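The next block holds one structure in the form of structure tokens; read it before the comments.
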Amino acid sequence: MELPIFHKLSQLINENAISLHVPGHKNGTIGNVKNLDFKMDMTEITGLDDLHHPEDIILKSMQHIHKHPDYDAYFLINGTTSGILSVIQSFSKLKGNYLISRNVHKSVFHGLDIVQQPADIIAMTKSNDSSQYLGPDTQSMTFNNQKLAIVTYPNYYGECFDIRAFVDRAHREAIPVLVDEAHGAHFNLKNFPKSALESGADYVVQSYHKTLPALTMGSMLFIHKDAPLKDEIVRYLGYFQTSSPSYLVMASLELAHQFYVDYDSTLFFEKRKKLIDTLNMTGLTTICVSDPLKLLIQYQGYSGFEIQTWFEQMGIYVELADDKQVLFVLPLWHEDDKYPFETLLNKITKINLPCPLSTKQSTSIHIPLDEGTYFPQDSGNVTWVDIDQSMGKKLAMHIITYPPGIPVYLKGERITKNMIKLMREYLQKGDRVEGIKQEKILVKDE
């Protein structure tokens, strides 16, 4: 048989592709994943404990994850999604709606679909730098006996809002808070933003694999010592994670956390400055955001998709592109790392940029900022229809740009002229969009 996945991965390795994307080990050049051995891919034999009933080495390992004295840590080997689903499921028997920011990951909507319960959507603010969702609009936020609030911090682009103010506000209304800190596992390092663990949030999920040197799917759930439903959540972790957990992923979480504990950020900031200076000298525009690990790269008159192509022609792979920019996820550079930093700088200087366009860059794609309500529903009979023939029909599937995996329009919404225009823009600009197939979308038969 053909081996398309294996061959493509081998090709990228053989071409010495340079990573400015997740995972945080950057093709094995950062941290200590090189110390992992495939022979460690074992099962729950004598002495290796059991993730779903930890009493020995796994229990000891999780107890050694000290990021904040008020939290207990739990391994997630099915990614951050498994932690999000477990918390949502645990609150399903309580009265009240969920309360969510509009930019929650699609896994939150999947959790709501599983429990078949509605959520009140918080109005959002928009970033002037990235033109993406920034955080909840706390000034207009209303409460109505919701049972659990779920917010994303930081956003995918590394931008932060006042998470402590949000948590305090929710707690005054007796609403527990789950923070999806998928992109902030490295927070609290010197000169990096404060983690949501400092805010008193009840539950915080972190994707170690995104920014720390852990294997993909290696994440962590932190539960506050005073948080409700702790035992229930731990029970559901056994439901939403495989019964055959990877010891390689768990071992990589140990190594990544030790890396975090020992990390000295001095060299990182030295190399980051050198990278920014090189980018700026080539004529590219570099936007620095709250998280120093993220950089937005723009070029006058050109889309992020065009910029992405220029980098990929040099063997440099970015995290994502949108209509305005590309996103870099930098390595946590350290002494004796194997990351090809000088090669990266050299390749950037050789990028042949076209002349900047004097015409104003096109306006960023519109994103809805208003509050609302999400009602999980069975779509019943559905039909694929051409986008241009969908006016007035009900969406039967979320429209999701990926990355970042945030639904722009939700199933159940009536399709408007502006929505059709937006979907056309996505296709024209080359976005990867879940929910659109061959210019068709899934709608409910009515």
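Residues take their numbers from the sequence shown, with the count starting at 1. These numbers were taken from a predicted model, which means no experiment stands behind them.
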Could you tell me if the ring centre of [X] sits under 6.0 Å from that of [Y]?
X	Y	value
Tyr208	Phe75	no
Phe109	His398	yes
His186	Phe268	no

Between [X] and [Y], do the side chains contain an N or O donor and an N or O acceptor separated by less than 3.5 Å?
X	Y	result
Gln146	Asp120	yes
Asp113	Tyr374	yes
Ser101	Asn103	yes
Ser195	Glu181	yes
Thr29	Asn27	no

Rounded to the nearest 0.5 Å, what's the gap from [atom1] on [X] to [atom2] on [Y]? Could you check?
X	Y	atom1	atom2	answer
Leu295	Leu284	CG	CG	11.5 Å
Ile122	Asp137	CD1	CG	9.5 Å
Lys274	Trp333	NZ	CH2	11.0 Å
Asp72	Leu221	CG	CG	10.0 Å
Leu237	Ile77	CG	CD1	9.5 Å
Asp180	Ile100	CG	CD1	12.0 Å

_Is the terminal nitrogen or CZ of Lys271 (NZ for Lys, CZ for Arg) located under 6.0 angstrom from the six-membered ring centre of Phe341 and within 45° of that ring's axis?_
yes

*Aromatic ring pairing Tyr239/Tyr236, orientation class (parallel under 30°, perpendicular over 60°, tilted between)*: perpendicular

Side-chain touch [X]/[Y], heavy atoms, less than 4.5 angstrom:
X	Y	value
Gln325	Ile307	no
Ser19	Tyr317	no
Phe187	Pro154	yes
Gln298	Ile287	yes
Gln117	Pro376	no
Tyr157	His183	no
Ile233	Tyr74	no
Ser61	Ile58	no

*Tell me, yes or no, whether the heavy-atom count around Asn145 atom CG, taken from other residues, nucleotides or ligands under 6.0 Å, exceeds 12.*
no

*Just wondering, are more than 12 heavy atoms of other shown residues or ligands nearer than 6.0 Å to CD1 in Ile5?*
no

*asked:* Apply salt bridge (charged side-chain N to carboxylate O under 4.0 Å, His left out) to residues Lys60 and Glu254 and explain how you reach the verdict.
replied: CA-CA 11 Å; Lys60 291 177 183 177; Glu254 280 189 329; over 6 Å; no

_For Met220 and Lys67: C-alpha separation, side-chain torsions, deciding distance, then whether side chain to side chain contact (heavy atoms under 4.5 Å, CB included) applies._
CA-CA 11 Å; Met220 207 79 71; Lys67 273 196 168 179; over 6 Å; no

_Treating Tyr339 as the side-chain partner and Pro331 as the backbone partner, does any N or O pair qualify as donor plus acceptor under 3.5 Å?_
no

_Given 3.5 Å as the limit, does a donor-acceptor pair link the side chain of Asp70 with the main chain of Lys225, or not?_
no

_Once side-chain contact (heavy atoms from CB on, under 4.5 Å) is applied, do any residues pair with Glu2, and if so which ones, sequence neighbours excluded?_
Pro4

_Pair Phe161, Tyr133 - check ring-ring contact (aromatic ring centres under 6.0 Å, His included), show working._
CA-CA 11 Å; Phe161 62 93; Tyr133 294 116; over 10 Å; no

*Is a salt bridge present between Lys106 and Glu434, judged by a nitrogen-to-oxygen distance below 4.0 Å?*
yes

*Using a strict 4.0 Å threshold on nitrogen-to-oxygen distance, state whether Asp337 and Lys26 make a salt bridge.*
no

*For Tyr153 against Ala196, the heavy-atom pair lying closest together*: CE2-N, 4.0 Å

_Minimal non-hydrogen separation, Pro407 against His105, with atom names_ = CD-C, 4.5 Å

